[in-house]
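Here is the structure we will look at, set down as structure tokens.
Worth knowing before you read on, the calculation uses all heavy atoms, side chains too, and leaves out hydrogens, waters and symmetry mates.
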Amino acid sequence: GAVRALDNEGNVLGEARFALSDGEVLAPVPFDLPLELRNRISRLEIAGEASAGAVVLADESWRRRNAGIVSGASAEEAQPLLSDIYYVRRALAPYVELRDTTDERNAEAAIEELLSAPLSVLILADIGNLTEPTRERIDAWVANGGMLIRFAGPRLAEHGDELVPVPLRTGGRALGGALSWSTPQSLAPFEEDSPFFGIDVPEDVTVSRQVLAEPMPDLARHTWARLTDGTPLVTAAQRGRGAIVLFHVTANRDWSSLPISGLFVEMLR
């Protein structure tokens with residue numbers, strides 16, 4: 001037989017054949033479709049079978065999103081295992097379509113290239129001091145439904161901008177710094193109103209440095225994850241139809257052990 005993939009208007013996007021041998025009840029039916037067509041599928045049906053049992057309806061969980069990652073590190077700093085984006089790429093690769101850029105040396109050129117085609121998620125690792133045209137370009141993209149995920153780092157800590165979910169203090173907090181801990185901080189359990197609620201928090205994940213959020217009356221409403229001392233680890237805010245999410249630590253091991261944990265993979269999913 002054959003399985004057809006259809007969109008909301010009933011147009012056939014693709015068809016794949018299958019065969020069941022005697023006694024078999026399962027058969028793989030692979031579809032080879034571009035990402036744009038795959039994400040338009042709303043219905044799968046066995047051709048010629050007029051039965052509800054021959055139909056599967058697709059929802060948002062079937063969609064495979066695409067994501068672009070841009071690092072503020074120079075090419076010389078972008079070494080495997082030390083790179084800002086190495087662990088992000090490894091965590092996301094099984095679940096999204098990763099879009100690469102032809103210009104990895106110029107962060108703003110890379111951002112423009114990624115946003116010039118349909119993109120679901122833009123991830124910026126330790127990027128500060130964006131020019132006004134680039135900030136406006138990202139802001140408009142987010143307002144139109146994009147999700148911007150940012151990771152902190154020395155550049156963002158010293159030269160932040162308005163593309164963050166909450167106001168930040170300059171400089172951040174580190175072990176031995178002016179605003180310091182005596183020991184690394186652990187993560188607090190995720191609260192019920194967090195998208196991460198239900199994910200177990202390992203005791204061995206610790207944070208030694210973070211960018212601090214400025215105190216504000218509704219800071220708790222923007223906090224998706226926090227440390228045991230109550231300070232935010234992940235904050236988020238709606239912007240138009242999209243959202244901006246900030247991890248208050250780096251995307252590599254410099255500030256925390258989060259990127260080398262299974263928890264990191266689950267949070268990004």
Side-chain angles (χ1 to χ4, degrees), residues 1-18 27-49 52 54-71 85-125 127 130 133-151 163 195 236-245 251 265-269:
V3 176
R4 290 175 178 169
L6 299 92
D7 63 13
N8 284 325
E9 285 74 41
N11 301 311
V12 177
L13 302 176
E15 183 173 294
R17 305 291 300 180
F18 69 90
V29 190
F31 280 85
D32 185 13
L33 294 173
L35 182 64
E36 290 75 14
L37 286 181
R38 173 178 171 166
N39 286 340
R40 286 172 53 194
I41 295 175
S42 63
R43 175 187 177 102
L44 295 168
E45 64 180 27
I46 300 176
E49 294 288 337
V55 175
V56 173
L57 301 180
D59 59 16
E60 281 297 311
S61 65
W62 287 61
R63 311 291 191 259
R64 186 175 175 88
R65 303 304 183 187
N66 55 9
I69 309 172
V70 180
S71 170
I85 63 176
Y86 174 81
Y87 298 102
V88 179
R89 293 184 67 90
R90 291 289 298 271
L92 286 176
Y95 310 110
V96 302
E97 198 84 17
L98 289 173
R99 285 253 313 273
D100 291 318
T101 64
T102 57
D103 193 341
E104 296 183 353
R105 294 179 177 272
N106 186 316
E108 296 202 340
I111 292 170
E112 181 59 37
E113 181 181 346
L114 288 171
L115 296 185
S116 64
L119 188 72
S120 300
V121 181
L122 176 63
I123 300 173
L124 303 183
I127 289 183
L130 290 168
T134 300
R135 287 199 307 270
E136 292 177 351
R137 178 82 167 87
I138 297 174
D139 200 33
W141 171 79
V142 171
N144 198 38
M147 172 170 277
L148 172 65
I149 300 176
R150 304 191 70 173
F151 286 88
L163 288 173
Q238 290 291 125
R239 291 281 182 92
R241 293 167 53 200
I244 298 177
V245 180
V265 178
E266 293 302 311
M267 292 173 76
L268 288 181
R269 285 187 67 186

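- The heavy-atom pair separating Ala67 from Val96 by the smallest distance is CB-CG2, 4.2 Å.
- Taking all atoms of both residues into account, the shortest heavy-atom contact from Arg17 to Ala2 is NH1-CB, 3.5 Å.
- Other residues, nucleotides and ligands place more than 12 heavy atoms under 6.0 Å from the CZ atom of Arg63.
- Considering all non-hydrogen atoms of both residues, Ile127 and Ala107 come closest at CD1-CB, 4.0 Å.
- Pairs passing the side chain to side chain donor-acceptor pair (under 3.5 Å) check and including a residue from residues 4-14, sequence neighbours excluded, read Arg4-Glu15, Asp7-Asn11, Asp7-Arg40, Asn8-Ser42.
- When only modelled atom types and interatomic distance are considered, Thr101 and Glu113 share no side-chain donor-acceptor pair under 3.5 Å.
- Summarising the geometry of Ala125 relative to Ala251, their closest heavy-atom pair is CB-CB, 4.4 Å, with the distance given to 0.1 Å.
- Shown here is Asp32, whose CG atom has no more than 12 heavy atoms of other residues, nucleotides or ligands within 6.0 Å.
- Residues Leu44 and Phe31 form a side-chain contact, since some pair of their non-hydrogen atoms from C-beta on lies under 4.5 Å apart.
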Evaluate Ile123 against Ile85 for side chain to side chain contact (heavy atoms under 4.5 Å, CB included), listing each step before the verdict.
CA-CA 9 Å; Ile123 300 173; Ile85 63 176; over 6 Å; no
Residues 137-149 side chain polar contacts: donor-acceptor under 3.5 Å, at least two apart:
residue : atom : partner : partner atom : Å
Arg137  : NE   : Glu112  : OE1          : 3.4
Arg137  : NE   : Glu112  : OE2          : 3.4
Arg137  : NH2  : Leu115  : O            : 2.8
Trp141  : NE1  : Leu119  : O            : 3.4
Asn144  : OD1  : Arg241  : NH1          : 3.2

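- At least one side-chain heavy atom of Leu33 sits less than 4.5 Å from a side-chain heavy atom of Ile41.
- Taking CG of Leu114 as the start and CG of Asp100 as the end, the distance is 8.5 Å to the nearest 0.5 Å.
- Within the model, atoms CZ of Arg65 and CG of Asn39 stand 5.5 Å from one another, a figure rounded to the nearest 0.5 Å.
- Of the possible polar contacts, none joining the Asn66 side chain to the Arg99 backbone as a donor-acceptor pair under 3.5 Å is found.
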